[in-house]
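Right, one structure below, let's go through it.
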Amino acid sequence: MVELNFPKNFYFGGATAAYQAEGATKEDGKGRVLWDSYLEKEGTFSPDPACDFYHRYPEDIELAHKFGINAIRVSIAWSRIFPNGDGKVEKKGVNFYHELFRKCFSENVEPFVTLHHFDSPEKIYLDGDWLNPQNISKFLDYAKFCFKEFPEINYWITINEPTSMAVQQYVTGTFPPAQKYNFSRCFQVEHNLNLAHAKAVNLFKKMNLKGKIGIVHALQTVYPFDPNKSGDQHAAELQDALDNKLFLDGTLAGEYSKKSIDLVNEILTANQQKHFEVRQEDYKELQSAANQLDFVGVNYYFSKFIKEYHGKSETIHNGTGKKGSSISRLRGIGESGLRDGIATTDWDWPIYPKGMYDILMRITNEYPKIKNIYITENGIGLKEELDNKHTVINDEKRIDYLKLHLKEVQRAIEDGAKVNGYFVWSLQDMFSWTNGYNKRYGLFYVDFKSQKRYPKKSAYWYKELSETKQIPEI
Ligand code: BGP
């Protein structure tokens, strides 16, 4: 056993997201979202039934409690409350979330509630999604409604992984509208997301409600492929500006450093694209939100190793789990490589636990306004199948992954990072946005046909961890 110094009220949680877990996309008046048409057209998989959380949440919350999980990340589907993005409220959607939260509290599983987890209502999306500043006011109306309607919530998250949205919508083209290498739109959306988040925080604080509010970032630590080459060093800085720095500056510092702006402009100039616009009044919002932010959520899965690159942009997404099939080369930024000795998942994500420590220390050292950090997602996607006898899935790879990353969290806590909770992605198996149903992350296996749940070995391991506060060596 390795003793962990987790703070007294540390949360050991499991994470979910509405669209990936709930299913029931056509039930109880739910409105359509950006993914509906996209997935119908792609025809690779359907968002129904997912893991049918909409109907089976009582069982999932009870299982969580039974396995020592004392917090859960859930998101509210904006389109269950406002099927058209604004206007008429759907009572059935509102009631669903009241019931869900009631169940969480009755099982002592603290809900951390996200307002936007990649699922803009279709109407909002068709009106320009996050590129259209008017949609920010609609998001605020929705946020205000939720803040008032659900006063029982102690932890709010404004937006999940703005970077995943901006970059995947407009650079890698893996999220609808699937545009590639449009850096100009990407950075404009990055700024608009920072602003939407900031305005939601400022609104929440003005309403004087109980509870805390934060944001969740996907942070992929970026390193130069060869630390001794200045070209690689600079390429890593550019990639970091695209993935991390503009968001960290905007939401945790409340201003963009000159360095961030210079890097962004360098990328835009290299791609001969329009620079992004920030209005003077936006800065006030960013600043005020950063001063009042209660916590930041860190989603950490992998790191990137970047080489200097000056050719044309080319990206191939590995969405099937065929190892070695992905490519990422971006003009004006750099090319992803893999250093010797670093293992990858079947989806080509480099497994690099030290990246967890480095990102936690970066936040601690470079963004001193931050009072609390939660690891809001960490986990590994695996191909898993239940045998006929329904034997417990022996997911030692997952246990190993979680163990190594938790040790880095512990190390960061010892070195001053204020981490107060950790959520495994995911609580139970569900679908992955760009990879479908065969990339499983759950502590609980879901047979998608029967919708039965089966605890994996990792669930037992996690139970022991949360009960003993020590990393079990199995
Ligand atoms: C994060 C998202 C989650 C989840 C997870 C795993 O980006 O917040 O919704 O999907 O990553 O990623 P993936 O499903 O692409 O494997």
Side-chain angles (χ1 to χ4, degrees), residues 1-15 64 67-73 109-110 112 155 212 214 216-223 244 248 252 294-303 341-343 345 349-368 370-380 395-427 441-443 456-474:
M1 294 261 194
V2 177
E3 202 162 324
L4 282 177
N5 305 336
F6 288 124
K8 230 176 60 217
N9 299 323
F10 200 83
Y11 287 113
F12 285 101
F67 279 79
I69 296 164
N70 59 3
I72 183 173
R73 270 193 74 201
V109 176
E110 183 74 44
F112 279 58
Y155 296 93
K212 301 196 181 313
V216 162
H217 285 305
L219 297 167
Q220 302 141 12
T221 329
V222 184
Y223 303 92
N244 306 317
L248 291 174
L252 309 193
D294 295 303
F295 64 90
V296 61
V298 171
N299 292 357
Y300 177 77
Y301 291 90
F302 63 90
S303 291
I342 294 181
T345 70
W349 290 11
I351 302 174
Y352 195 64
K354 182 174 176 290
M356 172 74 97
Y357 173 85
D358 287 345
I359 192 61
L360 293 175
M361 293 320 293
R362 176 180 183 185
I363 292 174
T364 305
N365 296 329
E366 292 178 25
Y367 298 95
I370 285 303
K371 305 176 198 91
N372 282 300
I373 305 175
Y374 294 93
I375 310 299
T376 34
E377 288 182 32
N378 177 232
I380 183 167
D395 55 345
E396 264 169 25
K397 258 197 175 166
R398 176 168 295 110
I399 295 175
D400 224 48
Y401 179 98
L402 300 178
K403 207 176 351 184
L404 292 171
H405 285 79
L406 273 161
K407 284 182 182 168
E408 294 297 319
V409 175
Q410 178 197 26
R411 205 155 70 81
I413 293 174
E414 279 168 3
D415 290 347
K418 297 184 196 90
V419 186
N420 289 309
Y422 173 93
F423 292 74
V424 174
W425 182 270
S426 47
L427 178 65
Y441 280 93
L443 294 172
K456 299 179 193 174
K457 195 166 174 192
S458 57
Y460 293 97
W461 175 86
Y462 202 58
K463 182 174 195 293
E464 198 178 328
L465 164 73
S466 101
E467 286 171 358
T468 60
K469 307 273 189 286
Q470 297 183 346
I471 299 182
E473 286 297 336
I474 47 167

Check your understanding: Quick one: does Asn244's side chain have a donor or acceptor within less than 3.5 Å of a partner on Leu219's backbone?
Key -> no
Point to revise | Non-hydrogen side-chain atoms of Leu402 and Trp461 separated by less than 4.5 Å | key: yes
Practice item. Could you tell me how the ring of Phe302 sits relative to the ring of Trp349: parallel (under 30°), tilted (30 to 60°) or perpendicular (over 60°)? Key: tilted
Check your understanding: Sub-3.5 Å donor-acceptor pair from the side chain of Lys403 to the main-chain atoms of Ile471, do we have one?
Key -> no
Exercise for review: Please assess Tyr367 against Val296 for the test side chain to side chain contact (heavy atoms under 4.5 Å, CB included), listing each intermediate value before the final yes or no.
Suggested key: CA-CA 11 Å; Tyr367 298 95; Val296 61; over 6 Å; no
Review point. Taking C-beta and beyond as the side chain, do Asp415 and Leu360 meet within less than 4.5 Å on heavy atoms?
Key: no
Check your understanding: Does Asn420 use its side chain to pair, donor to acceptor, with the backbone of Tyr11 at less than 3.5 Å?
Key -> no
Practice item. Say whether, by atom type as modelled, one donor and one acceptor occur between the side chain of Thr376 and the main chain of Val298 under 3.5 angstrom. Key: yes
**Study point:** Identified side-chain contact (heavy atoms from CB on, under 4.5 Å) counterpart of Tyr352 within the set Ile342, Thr221, Leu404
**Key:** Ile342
Point to revise | Charged tip of Arg73 within 45° of Phe423 ring normal and under 6.0 Å | key: no
Exercise for review: Please round to the nearest 0.5 Å and tell me the distance separating atom CG of Leu443 and atom NZ of Lys456.
Suggested key: 7.5 Å
Check your understanding: Which atom names give the shortest non-hydrogen contact between Arg398 and Ser458, and what distance separates them?
Key -> CD-OG, 3.8 Å
Point to revise | Trace of the side chain to side chain contact (heavy atoms under 4.5 Å, CB included) decision for Lys418 with Ile363 | key: CA-CA 10 Å; Lys418 297 184 196 90; Ile363 292 174; over 6 Å; no
Point to revise | Pairing of Glu408 and Arg411 as salt bridge, 4.0 angstrom limit | key: yes
Exercise for review: Return the orientation label for the Tyr422 and Tyr462 ring planes: parallel under 30°, perpendicular over 60°, tilted otherwise.
Suggested key: tilted
Check your understanding: Is there a side chain to side chain contact (heavy atoms under 4.5 Å, CB included) between Val419 and Phe10 once you walk through the steps?
Key -> CA-CA 8 Å; Val419 186; Phe10 200 83; 4.1 Å; yes
Exercise for review: Check step by step if side chain to side chain contact (heavy atoms under 4.5 Å, CB included) holds for Val409 and Asn378.
Suggested key: CA-CA 11 Å; Val409 175; Asn378 177 232; over 6 Å; no
Check your understanding: Less than 4.5 Å apart, any side-chain heavy atom of Leu248 and any of Arg362?
Key -> yes
Practice item. For the residue pair Ile351 and His405, establish whether any side-chain heavy-atom pair is separated by less than 4.5 Å. Key: yes
Check your understanding: Would you call Ile373 and Thr364 a side-chain contact if the rule is heavy atoms closer than 4.5 Å?
Key -> yes
Practice item. Please answer whether the main-chain N or O of Phe67 pairs with a side-chain N or O of Tyr460 as donor and acceptor at a distance below 3.5 Å. Key: no
Check your understanding: What distance separates Gln470 CD from Leu465 CG, expressed to the nearest 0.5 Å?
Key -> 9.5 Å
Check your understanding: Do the charged groups of Lys407 and Glu473 touch, with an N to O distance under 4.0 Å?
Key -> yes
Check your understanding: So, the side chain of Tyr401 versus the backbone of Tyr301: is there a donor-acceptor pair under 3.5 Å, distance only?
Key -> yes
